[in-house]
There are 2 protein chains.
Amino acid sequence: MFYPEPIAKLIDAFGHLPGIGPKTAGRLAFHVLRMKEEDVVDFAKALVNVKRNLHYCSVCCNITDVDPCRVCQDKSRDISTICVVQEPKDMVAMERTKEFRGYYHVLHGAISPMEGIGPDEIRIADLLKRLSDERVQELILATNPNIEGEATAMYLSRLVRPFGLKVTRIAHGLPVGGDLEYADEVTLTKALEGRREL
Amino acid sequence: MFYPEPIAKLIDAFGHLPGIGPKTAGRLAFHVLRMKEEDVVDFAKALVNVKRNLHYCSVCCNITDVDPCRVCQDKSRDISTICVVQEPKDMVAMERTKEFRGYYHVLHGAISPMEGIGPDEIRIADLLKRLSDERVQELILATNPNIEGEATAMYLSRLVRPFGLKVTRIAHGLPVGGDLEYADEVTLTKALEGRREL
């Protein structure tokens, strides 16, 4: 005796999402059963639309429903700086600061020999094409502060050396609101190294 | 600057599910973006099918894609016993034991004055109708062992008294594989009360 087929299929679909185990999948499926039909139809449409209406921006490789994406279309931004991030989410995080007014480049990953991801698997070639534009003067490497992100930043900084650009890496240090006592040694060392005069 | 509309909508839809916060919703939406299109379409279909193809069984009130449901259609089961559970999930849990061969009745909830759920909000009237069948001899109350479940069991046991049925409640006690040391006082008291001669 199992669940009727429609609900079993939905539990299975939810269970294939990352971080969702069989119990949560069951809970979600029964929640759907109690949702209003129009909301469920909207949810289903949203799922399909994400696959059908989103593409990569031909300029910055970010996901977008228009091409070029809205950021690349925005002529008011500063063409002299390109900020390189790993994922679309990282770009949104940068935008939330409202501090950066240049353009972005989304790599969609980081170099990770362990997972078999080399420079050709991420959007590095597209980045190099953009650097031939002489107005670009600075490349900010904002990949994640972990091994893969650091390796990617290091690789990129060497790769773009022939372009004669200013290449910078976002700062490592203590997070604002953090606690010195709980900071790990590596972060604290980086914070010390990166100290600035007041 | 926000996400492109299709992904923002999907994040919003995931975020409305129980136990899914904005960060998890974002992670799930980006996972969908990386899924194969056919898998996403299947997922969307599964969602809509659950709403469109599932109904309540006209006999036991369980969710089903055929009416009466497969359990109620099964003539090999024992008509003398009806097991009352709160949710379809509970019925599946009972079926997994492979010990019970009677029929079920799904209440779809429990009496909870705190949440404004009275006897009329759950499928009690449908249960009473079934009890007029003279072949039914025992009613097993398998509502959850918490306040609402106990209250519902108590209410039902009084309500069906005029039918002259045997009314039983599933046993409380220590879970198999559990640890006496960690059992709470109420469970331990119930386990003592329910002790049986060996």
Side-chain angles (χ1 to χ4, degrees), chain A residues 1-14 16-20 23-24 26-55 62-66 69-71 74 87-89 91-92 94-96 98 108, chain B residues 1-14 16-20 23-24 26-55 62-66 69-71 74 87-89 91-92 94-96 98 108:
Chain A
M1 166 62 205
F2 295 95
Y3 289 111
E5 202 205 336
I7 198 124
K9 272 197 176 168
L10 186 59
I11 292 176
D12 187 58
F14 273 123
H16 275 85
L17 296 177
I20 307 242
K23 291 225 167 171
T24 310
R27 202 160 41 85
L28 294 178
F30 277 98
H31 176 83
V32 169
L33 197 64
R34 281 190 296 265
M35 276 165 70
K36 273 189 263 168
E37 181 164 335
E38 60 198 73
D39 290 343
V40 176
V41 171
D42 284 347
F43 187 2
K45 278 188 195 155
L47 274 171
V48 177
N49 280 343
V50 154
K51 279 309 278 188
R52 296 212 174 136
N53 299 348
L54 283 186
H55 316 277
N62 192 13
I63 48 158
T64 175
D65 48 349
V66 288
C69 75
R70 288 184 178 80
V71 172
D74 184 352
E87 302 290 345
K89 284 182 262 195
M91 178 185 153
V92 173
M94 287 294 278
E95 280 294 283
R96 263 195 232 112
K98 297 194 172 62
H108 291 282
Chain B
M1 166 64 206
F2 295 95
Y3 289 112
E5 203 205 334
I7 197 125
K9 272 196 176 169
L10 186 59
I11 292 175
D12 186 59
F14 273 124
H16 276 84
L17 297 176
I20 306 241
K23 291 226 166 173
T24 309
R27 203 159 42 86
L28 294 177
F30 277 98
H31 176 82
V32 170
L33 197 65
R34 281 190 295 265
M35 277 165 69
K36 274 189 261 166
E37 180 164 335
E38 61 198 75
D39 289 343
V40 176
V41 171
D42 284 348
F43 188 0
K45 276 189 197 155
L47 274 171
V48 177
N49 279 344
V50 155
K51 281 308 281 188
R52 297 212 173 134
N53 299 348
L54 283 186
H55 314 277
N62 192 15
I63 47 159
T64 174
D65 48 348
V66 289
C69 75
R70 288 187 176 78
V71 173
D74 184 352
E87 302 290 343
K89 283 181 264 196
M91 177 185 153
V92 173
M94 287 294 280
E95 281 295 281
R96 263 196 232 110
K98 295 193 172 65
H108 291 283

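Every chain is numbered from 1, with letters handed out A, B, ... down the list of sequences. All values below were derived from every heavy atom in this structure, side-chain atoms included, with hydrogens, water molecules and symmetry-related copies excluded.
For Lys45(B), no part lies under 4.5 angstrom from a heavy atom of chain A. Only the side chain of Leu54(A) comes within less than 4.5 Å of a heavy atom in chain B; its backbone stays farther off. Looking at Leu33(B), both its backbone and its side chain come within 4.5 Å of chain A, counting heavy atoms on both sides. Proximity to chain B (any heavy atom under 4.5 Å) is shown, for Lys98(A), by neither the backbone nor the side chain.
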- Check the pair Leu10(A) / Phe43(B) against side-chain contact (heavy atoms from CB on, under 4.5 Å), numbers first and verdict last. CA-CA 7 Å; Leu10(A) 186 59; Phe43(B) 188 0; 3.9 Å; yes
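Contact tally against chain B (heavy-atom pairs below 4.5 Å) for His16(A), Glu37(A), Arg34(A): the top residue is Glu37(A). Listed options Lys36(B), Glu5(B), Arg52(B) were ranked by heavy-atom pairs under 4.5 angstrom with chain A; first place goes to Arg52(B). Per-residue heavy-atom pair counts under 4.5 Å with chain B were compared for Leu28(A), Asp39(A), Asp42(A), Asp12(A), and the maximum is reached by Leu28(A). Of the residues considered (Ala29(A), Pro88(A), Ala8(A)), Pro88(A) shows the highest number of contacts with chain B, using heavy-atom pairs under 4.5 Å. Ranking Ile20(B), Asn53(B), Ile63(B) against chain A, the residue ahead of the rest is Ile63(B), based on heavy-atom pairs under 4.5 Å. Chain B forms the most heavy-atom pairs under 4.5 Å with one residue out of Thr24(A), Asn49(A), Val40(A), and that residue is Val40(A). The most heavy-atom pairs under 4.5 Å with chain A, out of Leu47(B), Val66(B), Val32(B), come from Leu47(B).
Lys51(B) places a side-chain N or O within 3.5 Å of a backbone atom of Met35(A) that can act as its donor or acceptor partner.
Across all non-hydrogen atoms, the minimal contact from Glu87(B) to His108(B) is OE2-C, 4.0 Å. The two residues Pro18(B) and His31(A) come nearest to each other via the heavy atoms CD-CG, 3.3 Å.
Separation of the Phe14(B) and Phe30(B) ring centroids does not fall under the 6.0 Å cut-off.
One finds a salt bridge joining Arg70(A) and Asp65(A) here, because a Lys/Arg side-chain nitrogen approaches an Asp/Glu carboxylate oxygen to under 4.0 Å.
Separation of atoms CD (Glu95(A)) and CE (Met91(A)) is listed at 5.5 Å; rounding is to 0.5 Å. From Asn62(A), atom CG reaches atom NZ of Lys89(A) across 12.5 Å, with rounding to the nearest 0.5 Å.
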